[in-house]
Asker: 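Sharing a structure, written as structure tokens. Questions coming.
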Amino acid sequence: MSKEYTIAVIAGDGIGPEVVTEGLRVLERVAAIEGFRVRTTSYPLGAEHYLKTREIFPDQAFEEVRQHQAILLGAIGDPRIEIGLLEFGIIARLRFELDLYVNLRPVRLYAEHLCPLKDKTPEDVDFIVVRENTEDAYAGMRGFFKKGTPDEVATQEIIFTRKGVERVIRYAFDLARRRGRAKKLTLVDKANAVRAMDLWTRTFEEVGREYPDITRDHAYIDAACMWCVKNPEWFDTVVTSNMFGDILTDLAAMIQGGLGIAASGNLHPGQVSLFEPIHGSAPKYAGKNVANPLATVMAVSMMLDNLGEARAAARIEDTVAGLLRSRRIPSLGSDSGLGTRAIGDLVLENLEQKAAV
Ligand code: IPM
Ligand code: MN
């Protein structure tokens, strides 16, 4: 009997369902080629479900979702609904309650012409960001005092725990070692202004002593944004806090060609993990067959890699890279001239020919 993987699918809002449909077609095909099976279960969560039922993420559904081997998510967010309600109720709930403490975001340029930076090649843009995924301002310790009055006070705590910081830093050191590239880990923080980040400085130093083969590097977040544009080749593996990682990776997505390709994995090593494109629900493109599904396709690749299907993951990545290099998929935006479905078709047609590594 071939292996079977159970996948929970939350297509979500806006362009989510369209891009997830293409991601799932690629998943099915690669499974057939590589000889394993997938059993997917869809959970119709998101804005439509909320408007119909007032349910955000019923506990029963949550319990079911976590029983799967992996979760694939499209996008969450809808302008008809209070900002943050679904984002927190669905994405953040999964990240927190499944304790997905690593948000892994590869930044890889597949074809030189996709890079908006002058004279930067695929060798120059190839790093990975390890974003802490369970703490920081995202922990939601917030409140309003005297709301709506001239004396209003609004707070939201930036929290870091020794355990939370240490485990993500350790993961990043291990990853830098596994990547075996420059064997360099850059800590990105703002310890000069947010003094609570001294915890990151000290933990990085202490854990780093256990990894004498990995060069330790540091940049403040503002400078890291600058280096990302000026000298992206200086980065190999980057570790940072939740909010800085969120911001830095949207910028980094642009130097790899755009949000149309940027994927992420929300991981708890050894446990059920969640894979999603970095982009949002892009309501203005919803239902128009213009959204680029490659970020979701790459999220499927990351998911397979995490499940231990490295060959299938590489097959997808190689296929996408080939289509971009040959310009058969000419750009990563909604202006590629190819619809969502047509891009999915191209990936499907070329999966077979790719010699798996
Ligand atoms: C991301 C998104 C989320 C985040 C939003 C939707 C809450 O921007 O995954 O990067 O800020 O983490
Ligand atoms: Mn983001």
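Counting convention: from 1, in listed order, for ligands and their atoms alike. These values consider heavy atoms only, across backbone and side chains, with no hydrogens, waters or symmetry-generated copies.
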Asker: Could you list which atoms of ligand 1 come closer than 4.0 Å to a heavy atom of Arg95?
Answerer: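 Matching atoms, with element in brackets: 1 (C), 4 (C), 9 (O), 12 (O).
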Asker: Please identify which of these residues, Asp345, Val20, Val300, Val347, meets the side chain to side chain contact (heavy atoms under 4.5 Å, CB included) condition with Arg25.
Answerer: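 Single pass found, and it is Asp345.
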Asker: What protein heavy atom lies closest to atom 10 (O) of ligand 1? Include the residue and the distance to one decimal.
Answerer: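 For atom 10 (O) of ligand 1, the nearest protein heavy atom comes out as Asp246 OD1, 2.8 Å.
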Asker: Please could you name the atoms of ligand 1 that Arg105 approaches to less than 4.0 Å, counting only its heavy atoms?
Answerer: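 Those qualifying, in numeric order: 1 (C), 9 (O), 10 (O).
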Asker: Under 6.0 Å from the CZ atom of Arg39, do we count more than 12 heavy atoms belonging to anything else shown?
Answerer: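 Open.
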Asker: Under 4.0 Å, heavy-atom basis, I'd like to know which part of Tyr138 is in contact with ligand 1: side chain, backbone, both or neither.
Answerer: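 Near ligand 1, Tyr138 shows its side chain, while the N, CA, C and O stay back.
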Asker: Check all N, O or S atoms of Asp246 and name the one closest to the Mn ion (ligand 2).
Answerer: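 Of the nitrogen, oxygen and sulfur atoms in Asp246, the Mn ion (ligand 2) lies nearest to OD1.
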Asker: Among Thr296, Val297, Val9, which one satisfies side chain to side chain contact (heavy atoms under 4.5 Å, CB included) with Leu24?
Answerer: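 So, applying the side chain to side chain contact (heavy atoms under 4.5 Å, CB included) to Leu24 and each of Thr296, Val297, Val9, only Val9 qualifies.
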Asker: Do Arg108 and Val125 have side-chain heavy atoms sitting under 4.5 Å apart?
Answerer: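 Sidechains of Val125 and Arg108: no contact.
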Asker: Are the aromatic ring centres of Tyr43 and Phe57 under 6.0 angstrom apart?
Answerer: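 Here the rings of Phe57 and Tyr43 have centres that are no less than 6.0 Å from each other.
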Asker: How close does the nearest protein non-hydrogen atom get to atom 5 (C) of ligand 1, and which residue and atom is it?
Answerer: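 Closest protein heavy atom to atom 5 (C) of ligand 1: Glu87 CG, 4.7 Å.
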Asker: Heavy-atom distance under 4.5 Å between the side chains of Gln156 and Met141, does that happen here?
Answerer: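 When only atoms from C-beta onward are counted, Met141 and Gln156 do not touch, as no gap falls below 4.5 Å.
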Asker: Hey, is His279 touching ligand 1 through its side chain, its backbone, both or neither, going by heavy atoms under 4.0 Å?
Answerer: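 Neither part.
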